[in-house]
Each structure stands twice: as C-alpha cells, then as structure tokens.
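Every number for a ligand or one of its atoms is a count from 1 in the order of the listing.
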Amino acid sequence: MTSVSEMPVSATAAPALAMYGGTFDPIHFGHLRSAIEVGEVLGVKTTKLLPSFIPPHRSKPETETEHRLQMLNLAVQNIKSLEVDTRELDRAGTSYTIDTLKTFRDDLGVHAPLYLVIGLDAYLLLHEWHEWQKLTDLAHLVVIERPGYENQEPQKTVKQWVENKLAEKPCDLKRCAAGFVCRIKLRQMDISATMIREALRENLSVDCLLPEAVIKYIKQNQLYQYS
Ligand code: ATP
C-alpha cells in the first residue's frame, strides 16, 4: 500500500474530501448536523456519506440496503455539502474502511487531504477495526465527540499509537494529505438510530429527530415495525 501520510498538499491537488460512514439505520439529525459541521470546520466542499453494506463491528443493519439508501438520499436532497456515496454497497461483502479509503485515495491522488470522520463511540472500538493502524497512512482521522461518551478514552494500544499523531486543531491537518488524528467537539445532539428504532416500535413520536421526508418514507414502507 502506498503511504501518503505526511505528503504535502500541493496547489494542483484534487479538492479535500471528508468521508463519514455508518449503517444509517435510519439516518437522523445527529448524523446530518455533525456531517455538515465537520465539513465546515475542515473547510471541505463535500462530505460523503457512505452507507455500509455489512458493517464489520456490529450486528447487521435491521433494514434492507435499498431502504437505508433511499432514506439517505431523501435526507440529503436539499443539503449542498452532503453527498451519498454507494461504493461500499456496490462492492458488497464486509465493508472494511481501509478498503474504502484505498479507493478514495486512488481517486484523489496522494496530495489531497482526505478526512475519515467517525464518532467517539466508533473510536473507542478502533482497536477492533481491520488494519486500523494503516488508516492514517491514507487519511486523517477526525473523531467527533458524542453525547453519552464524555471523557472516554480508547484502548491503551490506540492511545499509544495516537500519541505522536495528535493534531490540536483541525486546521493543523490541512498541511498534509493524511497522517494525523484530531478530536473535535461540534454541536452535540443526543440522538441515535437505536433510540429512533425503539421509539417507532413503541409507537412513540420521532418528530424532530430525523427529517420529515425520512419519517414519511418509514411510515409508507412500514419499516422498524412501524404500525
Ligand atoms: P445505532 O444506534 O444503530 O448504533 P448510530 O445512531 O450510532 O446507530 P451509525 O450509523 O452507527 O449511527 O453511526 C455512523 C457514524 O455516525 C458513527 O461514526 C457514529 O459515531 C456517528 N454518530 C451517530 N450519531 C451521532 C451523533 N448523535 N453525534 C455524533 N456522531 C454520531
């Protein structure tokens, strides 16, 4: 694998890109706000939302791929800075992030900053990810604080690995194409897809937790045992 960490950013490089993966089962305002804000903080024009086909570190999504994708498309339809990217669905099989990063790197070349955005809950399990130590060879890792996980730290091996990669401010990442890790705090929204699935099962309102168009889609297709 080509290591692009610490590669200087060149004036002729492709525009910087942020990628934000998840099961999005369903997509909600916690995802959308953090994806919009992280793009602004990093100064990227586009943040790609990547629905995973088979997530390696958690149970299979409850909802069929096609529905998760439709809900994502509805959610981003009027948000200029967000785009849905289906490469993990197209590839099928287990959606290892390292493989996805390789394809982005092939598209971008070695001189453009690439940001892998994950929530703190995902970061706490980083040591379980396939080839996790190689992630920063290809991208910067941007960790978003998440309500309910305050002051939590990753496993010791991850903490040691991160020590000489930590960037204090997001703007410090812009100098290189990859290689650094930065923790950032955005507007915190205590919303999870689990909470939404549970509310729907209990026939409780999910208004204001996710876009109306997505709620309508859930009702029309009777997802999450909506009755
Ligand atoms: P579930 O409850 O089913 O585990 P989730 O709401 O955590 O789902 P995922 O699709 O698993 O959503 O998450 C995708 C990414 O979004 C992860 O990196 C996760 O940490 C992040 N994320 C999810 N919800 C929030 C939130 N409210 N604030 C910040 N990051 C979030």
Undergrad: Atom 7 (O) of ligand 1: which protein heavy atom is closest, and how many Å away?
TA: R146 NH1, 2.9 Å

Undergrad: Would you check the N or O atoms of Y20, main chain and side chain alike, for any that come under 3.5 Å of an N or O of ligand 1?
TA: yes

Undergrad: Tell me whether K216 is salt-bridged to E212, with the criterion being a basic N under 4.0 Å from an acidic carboxylate O.
TA: no

Undergrad: Measure the acute angle between the ring planes of H67 and Y217, then classify it against the limits of 30° and 60° as parallel, tilted or perpendicular.
TA: perpendicular

Undergrad: Which pair of heavy atoms, one from T100 and one from R91, lies closest together, and at what distance?
TA: OG1-NH2, 3.0 Å

Undergrad: Among L186, V41, L82, find the one that has a side chain to side chain contact (heavy atoms under 4.5 Å, CB included) with I36.
TA: L82

Undergrad: Judging by distance only, is a nitrogen or oxygen of M189 under 3.5 angstrom from one on ligand 1?
TA: yes

Undergrad: In terms of atom number and element, which parts of ligand 1 are under 4.0 angstrom from non-hydrogen atoms of S192?
TA: 2 (O), 6 (O)

Undergrad: Heavy-atom pairs closer than 4.0 Å: do any link ligand 1 to the side chain of Q188, the backbone, both, or neither?
TA: neither

Undergrad: Backbone or side chain, does any N or O of L120 fall under 3.5 Å from an N or O of ligand 1?
TA: no

Undergrad: For ligand 1, which is the ligand I care about here, please tell me if P147 has any N or O atom under 3.5 Å from one of the ligand's N or O atoms.
TA: no

Undergrad: With a 3.5 Å cut-off and no angle check, do the side chains of S34 and Y20 form a donor-acceptor pair?
TA: yes

Undergrad: What residue and atom, counting heavy atoms only, is the protein's closest point to atom 18 (O) of ligand 1, and at what distance?
TA: G119 N, 2.9 Å

Undergrad: Looking only at side-chain N and O atoms, does R68 offer a donor or acceptor that is under 3.5 Å from a partner on T63?
TA: no

Undergrad: Would you call D137-K102 a salt bridge at under 4.0 Å N-O?
TA: no

Undergrad: Indicate yes or no: does an N/O atom of H31 lie under 3.5 Å from an N/O atom of ligand 1?
TA: yes

Undergrad: Give me the atom names and distance for the closest heavy-atom approach of D25 to A193.
TA: O-CB, 3.5 Å

Undergrad: Write out the residue and atom name of the closest protein heavy atom to atom 4 (O) of ligand 1, then the distance separating them to 0.1 Å.
TA: R58 NH1, 2.9 Å

Undergrad: Check each atom of ligand 1 against the heavy atoms of I118 and keep those under 4.0 Å away; list them by number with element.
TA: 18 (O)

Undergrad: Which residue from D25, L209, V117, D121 reaches closest to atom 20 (O) of ligand 1 through any of its heavy atoms?
TA: D121

Undergrad: List ligand 1 atoms under 4.0 Å from G22, heavy atoms only on the residue side.
TA: 10 (O), 14 (C)

Undergrad: Looking at E150, I want to see if its CD is surrounded by more than 12 non-hydrogen atoms of other residues, nucleotides or ligands under 6.0 Å.
TA: yes

Undergrad: Closer than 4.0 Å to some heavy atom of A193 - which atoms of ligand 1 meet that?
TA: 1 (P), 2 (O), 3 (O), 5 (P), 6 (O), 8 (O)

Undergrad: How far apart are the closest heavy atoms of A178 and T136, and which atoms are they?
TA: CB-O, 3.7 Å

Undergrad: With a 4.0 Å cut-off, would you call E83 and K48 a salt bridge?
TA: yes

Undergrad: At less than 4.0 angstrom from any non-hydrogen atom of T23, what atoms of ligand 1 do you find?
TA: 9 (P), 10 (O), 11 (O)

Undergrad: G21 heavy atoms, cut-off 4.0 Å: which ligand 1 atoms fall inside?
TA: 14 (C), 15 (C)

Undergrad: Quick check on contacts: which atoms of ligand 1 are under 4.0 angstrom from a heavy atom of R197?
TA: 3 (O)

Undergrad: So if I count the atoms of ligand 1 from 1 in the order they appear, which ones are less than 4.0 Å from some heavy atom of T194?
TA: 1 (P), 2 (O), 3 (O), 4 (O)

